[in-house]
Amino acid sequence: MLYFIAVLSLLLNTLCLFLVAVLWMKLKTTAAGAFDDGETQELEEMLLAFVSEMKEQNEEIREILYETKQDGQEQDVKSSDKKADGHDDQEEKENILHQKVLTYAKKGYTAEEIAKKLERGKGEVGLILKMNSLS
């Protein structure tokens, strides 16, 4: 009985090795010829289309940022006129708060710690940090 099991095990192991070799050969031939010239050309065209679309979107974003920057400069001029009139103390307080929040953030404090130190809401501090990380 032991002899029969040993021969059967040897046959099954040989069969497994043969099947592994066959699968390896198929994989090798499939991987080598995975892309023919038509598929390669199609992939290149798709990548070029994607890259050109990305460039167009980047140009649109640049234009929007440039317009926003110009609008921001106009608003800065208007706000400085208001400050000269003495009407915008609240905006000045908010700017001071923003500066304090950013200073603490640069020192490594978390949003929760900053909120506790300045006695403000965690959401407000988080919003200030997010707004300034985008600019």
Side-chain angles (χ1 to χ4, degrees):
M1 184 71 167
L2 184 62
Y3 179 74
F4 175 72
I5 293 175
V7 170
L8 182 63
S9 174
L10 181 65
L11 286 173
L12 288 175
N13 283 333
T14 307
L15 178 66
C16 286
L17 287 174
F18 175 73
L19 291 175
V20 166
V22 169
L23 288 174
W24 182 72
M25 295 295 267
K26 276 188 173 184
L27 181 65
K28 187 177 176 182
T29 57
T30 306
F35 299 110
D36 61 358
D37 289 335
E39 290 176 339
T40 305
Q41 184 69 23
E42 184 180 341
L43 282 173
E44 286 178 7
E45 289 173 3
M46 286 174 45
L47 286 173
L48 286 173
F50 180 72
V51 168
S52 64
E53 184 178 329
M54 293 274 296
K55 285 182 181 179
E56 290 173 6
Q57 289 176 351
N58 284 343
E59 288 299 320
E60 290 175 6
I61 291 172
R62 283 185 187 155
E63 289 174 9
I64 291 170
L65 287 175
Y66 181 72
E67 291 171 3
T68 305
K69 185 177 178 182
Q70 285 181 340
D71 291 344
Q73 289 173 347
E74 290 174 7
Q75 288 177 356
D76 287 344
V77 170
K78 289 178 184 176
S79 66
S80 65
D81 290 343
K82 287 181 182 178
K83 287 179 185 175
D85 294 339
H87 297 298
D88 230 356
D89 290 336
Q90 182 66 24
E91 187 173 319
E92 189 174 330
K93 288 179 183 178
E94 287 178 11
N95 285 338
I96 292 170
L97 173 66
H98 287 219
Q99 290 173 355
K100 287 181 180 179
V101 168
L102 294 176
T103 303
Y104 282 126
K106 286 178 183 176
K107 290 180 180 179
Y109 288 94
T110 64
E112 292 178 16
E113 294 170 335
I114 296 170
K116 286 179 183 176
K117 283 190 173 284
L118 298 177
E119 297 177 353
R120 296 290 186 155
K122 188 174 81 172
E124 181 181 7
V125 171
L127 181 63
I128 293 170
L129 291 172
K130 284 181 184 179
M131 285 176 30
N132 286 294
S133 69
L134 295 176
S135 57

Do [X] and [Y] come within less than 4.5 Å of each other through their side chains, counting heavy atoms only?
{"X": "I128", "Y": "R120", "answer": "no"}
{"X": "V51", "Y": "K55", "answer": "yes"}
{"X": "L12", "Y": "L8", "answer": "yes"}
{"X": "F50", "Y": "M46", "answer": "no"}

Salt bridge present between R62 and E59 (N-O < 4.0 angstrom):
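Result for this pair is yes, salt bridge flagged.
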Kindly compute the distance separating [atom1] ([X]) from [atom2] ([Y]), expressed to the nearest 0.5 Å.
{"X": "T110", "Y": "Y104", "atom1": "OG1", "atom2": "OH", "result": "12.5 Å"}
{"X": "Q99", "Y": "L97", "atom1": "CD", "atom2": "CG", "result": "9.5 Å"}
{"X": "I96", "Y": "E92", "atom1": "CD1", "atom2": "CD", "result": "5.0 Å"}
{"X": "S52", "Y": "L47", "atom1": "OG", "atom2": "CG", "result": "10.5 Å"}
{"X": "H98", "Y": "T103", "atom1": "NE2", "atom2": "OG1", "result": "12.5 Å"}

Short side-chain to backbone donor-acceptor contact, T14 and L10, under 3.5 Å
yes
Check the surroundings of atom CD in E112: do more than 12 heavy atoms from other residues, nucleotides or ligands lie under 6.0 Å from it?
no
For K100, the option from L118, V125, I114 that meets side-chain contact (heavy atoms from CB on, under 4.5 Å)
L118
